[in-house]
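Labels below follow one simple rule: chain letters A, B, ... track the order of the sequence lines, proteins then strands, and each chain is numbered from 1.
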Number of protein chains: 2
Amino acid sequence: MDAPVSIDAKADQPDDELGGLNGIVGFHVRLAHGAVYRNFMETFAHLDLTQKQVSAMWLVADHPGISQIALGQLLRMDRATTMTIVNRLQERNYLRRERSASDARKQALYLTDPGMAVLAEAKTANAAHEAWLRARFTPAEVEKLVELLTRIHE
Amino acid sequence: MDAPVSIDAKADQPDDELGGLNGIVGFHVRLAHGAVYRNFMETFAHLDLTQKQVSAMWLVADHPGISQIALGQLLRMDRATTMTIVNRLQERNYLRRERSASDARKQALYLTDPGMAVLAEAKTANAAHEAWLRARFTPAEVEKLVELLTRIHE
DNA sequence: TATTGTTATACTCTATAACTATA
DNA sequence: TATAGTTATAGAGTATAACAATA
């Protein structure tokens with residue numbers, strides 16, 4: 001799985017080699033995201049689902065009839081980006097659009113039965129992914145990490 | 001700048017609306033990364049540089065003659081991905097390739113003079129970006145955050 | 001006028017596969 | 001055989017701009 005980096009022992013602690021970049025918080029956020037992304041993709045390969053797709057289905061399940069614009073706001077996506085996510089899920093019949101009765105400008109989003117079944121599988125896969133991620137932290141550290149990350153994105 | 005999320009006060013604290021997703025560490029990593037990404041892009045718009053491009057130039061400057069494979073390993077990219085980054089920088093004359101004298105399979109990478117000049121500007125822009133990011137933390141919190149993130153990506 | 005959705009378009013990142021050159 | 005680079009190809013996320021329908 002892991003690519004061999006080099007021959008000497010320093011390879012396992014490349015901090016020294018990163019130089020000034022190592023002091024940049026944003027750099028570590030990006031590397032951590034990349035690591036999480038890769039493990040997610042491995043864990044979800046059998047379902048062929050991305051983080052965004054799972055997050056979107058999860059939220060639609062929790063908020064049946066949510067509009068595209070509201071879904072996008074929760075996941076910090078603009079309208080066009082939200083379209084691509086929803087389109088892909090609709091093409092696979094995991095999600096359907098309905099015109100909102102109260103406001104005809106809006107699309108009300110609902111999971112289909114296959115969508116709900118896949119989401120259940122996705123939640124199981126996500127538990128394994130989360131376990132991989134949390135394995136390196138104590139519960140208190142997890143809480144602290146989430147609190148710090150929330151300050152960045154909220 | 002900020003998109004209005006909704007009318008009521010809950011909009012500023014969407015944690016409640018995220019439901020079960022809010023307890024997922026990986027979800028917060030992704031949202032934080034997105035927020036960092038967007039601020040980076042705003043801050044670097046005048047230079048037309050991405051995080052990956054800046055990181056690559058920074059590392060080449062710190063390691064003149066580094067091979068593509070080694071650069072990719074430091075930034076956690078495979079060979080093909082590294083190619084696209086290096087190609088783009090080379091097309092803009094920020095970076096040049098040379099065959100390694102010691103191992104003809106390898107390309108030795110060097111910044112050009114324009115590349116060094118742009119990197120200096122990029123470091124200035126990055127200082128502003130980092131200030132934006134660090135503004136919400138104490139120095140001790142920054143240290144803790146970096147330590148926790150490092151455990152994810154190392 | 002403002003909001004929501006849609007379409008078209010474009011760019012970056014990421015990765016796999018197959019190929020060449022070199023060790 | 002293994003490593004480094006290259007090329008072709010593809011999918012996903014992100015965003016801007018312009019447009020239509022509705023409020």
Can you measure B/Arg97 atom CZ to D/dG5 atom C1' for me and round it to whole angstrom units? 8 Å

So how far is it from A/Glu17 CD to B/Asp62 CG, rounded to the nearest 0.5 Å? 11.0 Å

How many angstroms lie between atom CE of B/Met77 and atom CD of B/Gln68, to the nearest 0.5 angstrom? 9.5 Å

Please determine whether the number of non-hydrogen atoms from other residues, nucleotides or ligands lying under 6.0 Å from atom CD of B/Glu98 exceeds 12. yes

Could you tell me whether B/Arg151 and B/Glu147 have a side-chain N and a carboxylate O separated by less than 4.0 Å? yes

Atom CZ of B/Arg96 to atom P of D/dG5: distance rounded to whole Å? 16 Å

Rounded to the nearest Å, what distance is computed from the NZ atom of residue A/Lys106 to the P atom of nucleotide C/dG5? 7 Å

Sole candidate of B/Gln107, B/Lys106, B/Arg105 that passes side-chain hydrogen bond (donor to acceptor under 3.5 Å, both in side chains) when paired with B/Asp103: B/Arg105

Taking atom C1' of C/dT6 as reference, at what distance in whole Å does atom CD of A/Gln90 sit? 12 Å

With a 4.0 Å cutoff (strictly under), does any side-chain N or O of A/Gln68 reach OP1 or OP2 of C/dT3? no

Protein heavy-atom contacts under 4.0 Å, written 5' to 3' over nucleotides 12-23 of chain C as B (base), S (sugar-phosphate only) or - (none), form the string SSBBB-----BS

Expressed in angstrom and rounded to an integer, what is the separation of A/Asn87 atom CG from D/dG11 atom C1'? 15 Å

Point-to-point distance, once rounded to the nearest 0.5 Å, from CG of B/Leu149 to CG of A/Leu31: 9.5 Å

Nearest-Å distance for atom pair CG/C1', residues A/Leu71 and D/dG13: 14 Å

Rounded to whole angstroms, how far apart are CZ on B/Phe44 and P on D/dA15? 17 Å

Rounded off to whole Å, could you give me the CE-to-P distance for the A/Met83 and C/dT7 pair? 5 Å

